[in-house]
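Reviewing the structure listed below.
FYI, the numbering just counts along the sequence from 1. This is a predicted model, so every value here is computed, not measured.
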Amino acid sequence: MIVGVNTHLRHWNDDRILGLIAESGFQWIRDDFYWRAIEKEKGVYELPEGYVKWIDAAHAAGLNVVALFNGSNKLYAPDDFNPDAFARAAAEFAKLTKGKVQAIEILNEPANTGGFTKHYGGHWNGYDPQNGETDPWVGNYVVLLNKAAKAIKEANPDVKVIGLGSATPVNFRQLMIGVAPEVDGITDHPYSHRFTPEVIPFNGSPSILKRDGIVVTDKQGSFASMVNNYRKTSKEHEGPEELWLTEWGWSTYQEAQTGKFLYAPLTEMTQAKYTLRRLYEASGLGVTASFIYDFRNDYGGDRFNAEENFGLVHTDLKPKPVLLAVKRFMARTKDFVPQDADEPVVTVFPVENRPDRYPIVWDDAKMAALAKIAKYRFATPDGNTVVAFWSTERAAGDLNPMIGDVEIEGAPEIDTILLEDSLSGEQEPLSFERTGDRLLISNLSIPDYPKLLILNQKSK
């Protein structure tokens, strides 16, 4: 899985940033580039000096770039999002950045930014519950994406074109409308907001169905069901196979007053744990690319502002625990392949009667942590199996870690089992009982962040 990080290079204007990103192990970044800055006169296309500087610097640092081709252009008023003009400009951008930009994403969150929804009319979720109809802007974005993708591919066939990137229900509606074959990947921004990483705020409850007019996950709102439903829906409508999660993360801001907050104010250690949980799950589900938001705390770094505290490092570049955790993840999993073989079968039996704590009411839908053990299996180049597992409970609570037994069946060649901590990187051997080809690990601690079972086969 590609692991990338979002950047705001022009806002930071700090020459140290790209070096730090590359040193951390990232090979991909995502940044925004605006149509209006590239075409200031109709039909005349030129990259601003700042764009050239950062694209060249990223290329020199060995970083791949997802360029977010963004915004409107008043040169074409009253149709500021004229799809033909947008497509021409996007194609010229693809020519000007050939070999230095590896993917172009079409608009950032059309429902939330840049005025696209306001321009064409409609709601953030693309649905009018009063008349049960899809909003006009939803189809207009598909037209824009398809035209841009075709023009970009004609100008630069080697660059990836990815798009959608609105709220998940909108993306599903747009897949049903029909995405052009020139679009390589679906984009989604699966923020969990105030929920745990395995949950997104689009569960299959009656209130969410009434709000959105469409169901995109299971009744629990699980992240895994969203990924699986994307694949199913896209295949049914001949859409892209690739899924790019180009923006997600957790903020470490501090709430300073009462009110309704979109994001939970997490501790820095919880940010690290939740980020690892999302990365291991996305990798286990075979997601194409996953981009964390973002590398550095934004702008002023006001500790009471949620938007300014998503960074892996502080504004002074001091790292948060999450940076080392992500660095370890990338190094550890670079050769992992999600494993779907029949054996070995690994089953975790947790203790019963753990309290289901802190359910949240979200648009009248009651949603809670999944209260289960997440488990994903990977094959390594040496033929061994690695199992990532964790409790999907909320982090940093008042309870000790969950305890459970692990049963491994159909693995007669397993000689030793190691337990690796994904936060510290430390390993320890595990004792187990063997009965035929069945192995049992008793009373294993199952924390609120991933640990790895490394199942080593006997030397042949």
Side-chain angles (χ1 to χ4, degrees), residues 168 190-205 208 215-231 245 248 250 264 266 270 272-287 290 329 338-340 344-362 365-378 385-409 419-423 440-453 455:
T168 305
Y191 287 95
S192 288
H193 299 300
R194 301 187 73 84
F195 302 107
T196 50
E198 300 79 20
V199 176
I200 61 169
F202 298 103
N203 72 353
S205 65
I208 298 299
V215 173
V216 297
T217 69
D218 56 20
K219 291 183 179 180
Q220 294 175 302
S222 73
F223 172 83
S225 68
M226 179 202 76
V227 172
N228 292 330
N229 286 341
Y230 261 127
R231 290 201 178 102
L245 309 179
W248 57 268
W250 284 271
L266 299 186
T270 298
K273 292 176 177 180
Y274 281 9
T275 300
L276 280 176
R277 282 161 62 166
R278 170 59 59 80
L279 287 172
Y280 270 103
E281 182 159 42
S283 182
L285 291 167
V287 167
S290 198
F329 171 85
Q339 191 179 65
D340 57 2
V345 177
V346 180
T347 309
V348 182
F349 300 96
V351 297
E352 300 293 338
N353 300 319
R354 293 279 286 192
D356 180 16
R357 298 173 297 156
Y358 313 125
I360 294 173
V361 176
W362 187 274
K366 186 177 180 181
M367 301 178 65
L370 297 185
K372 71 171 189 177
I373 305 301
K375 175 173 58 68
Y376 291 93
R377 197 171 66 178
F378 302 89
T385 294
V386 175
V387 180
F389 68 96
W390 64 91
S391 167
T392 61
E393 295 175 299
R394 289 188 173 276
D398 53 357
L399 299 178
N400 282 322
M402 183 181 290
I403 294 292
D405 296 335
V406 178
E407 182 180 77
I408 304 168
E409 295 182 279
L419 181 67
E420 181 175 319
D421 189 300
S422 65
L423 281 174
L440 179 65
I441 305 169
S442 300
N443 296 326
L444 186 64
S445 178
I446 306 171
D448 54 10
Y449 65 94
K451 286 202 172 184
L452 307 180
L453 284 177
L455 311 182

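- Of the inter-residue distances, the one linking Tyr280 atom OH with Lys451 atom NZ reads 12.5 Å to the nearest 0.5 angstrom.
- Of the possible polar contacts, one joining the Asn229 side chain to the Val216 backbone as a donor-acceptor pair under 3.5 Å is found.
- Looking at every heavy atom in both residues, Ser445 comes nearest to Phe389 through O-CE1, 4.1 Å.
- Minimum heavy-atom separation, Asn443 to Ile403: CA-CG2, 3.6 Å.
- Interatomic distance, Lys273 NZ to Leu266 CG, rounded to the nearest 0.5 Å: 11.5 Å.
- Formation of a donor-acceptor pair under 3.5 Å by the Ser391 side chain with backbone atoms of Met402 is not found in this model.
- If you take OG1 on Thr217 and CE on Met226, they are separated by 9.5 Å, rounding to the nearest 0.5 Å.
- In this model, no donor atom of one side chain and acceptor atom of the other lie less than 3.5 Å apart for Thr270 and Trp250.
- Considering every non-hydrogen atom in both Asp218 and Ser225, the closest pair reads N-OG, 3.0 Å.
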task: In sequence, state the C-alpha distance, the side-chain angles, and the governing distance for Thr168 and Tyr230, and then conclude on side chain to side chain contact (heavy atoms under 4.5 Å, CB included).
output: CA-CA 9 Å; Thr168 305; Tyr230 261 127; 3.6 Å; yes
query: Given Tyr376 and Ser283, is the side chain to side chain contact (heavy atoms under 4.5 Å, CB included) satisfied, shown in steps?
result: CA-CA 9 Å; Tyr376 291 93; Ser283 182; over 6 Å; no
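- Of all heavy-atom pairs spanning Leu285 and Ala224, the tightest one is CD1-CA, 3.7 Å.
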- prompt: For Ile441 and Leu453, what are the C-alpha separation, side-chain angles and deciding distance, and is it a side chain to side chain contact (heavy atoms under 4.5 Å, CB included)?
  reply: CA-CA 11 Å; Ile441 305 169; Leu453 284 177; 4.2 Å; yes
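- Asp340 is not listed as a side-chain neighbour of Pro338, based on a closest heavy-atom distance of 4.5 Å or more.
- Taking all atoms of both residues into account, the shortest heavy-atom contact from Lys375 to Val387 is CG-CG1, 3.6 Å.
- Across Ala374 and Thr392, no two heavy atoms sit closer than the pair CB-CG2, 3.8 Å.
- Annotation: the span from Leu444 atom CG to Asp405 atom CG amounts to 8.5 Å, rounded to 0.5 Å.
- To the nearest 0.5 angstrom, Asn203 atom CG is 10.0 Å from Ser222 atom OG.
- With a 4.5 Å cut-off on side-chain heavy atoms, Pro197 and Phe223 do not count as touching.
- Within the 4.5 Å cutoff, side-chain heavy atoms of Tyr274 are placed close to those of Thr196.
- Glu198 pairs by the side-chain hydrogen bond (donor to acceptor under 3.5 Å, both in side chains) definition with Arg277, Trp390, not counting sequence neighbours.
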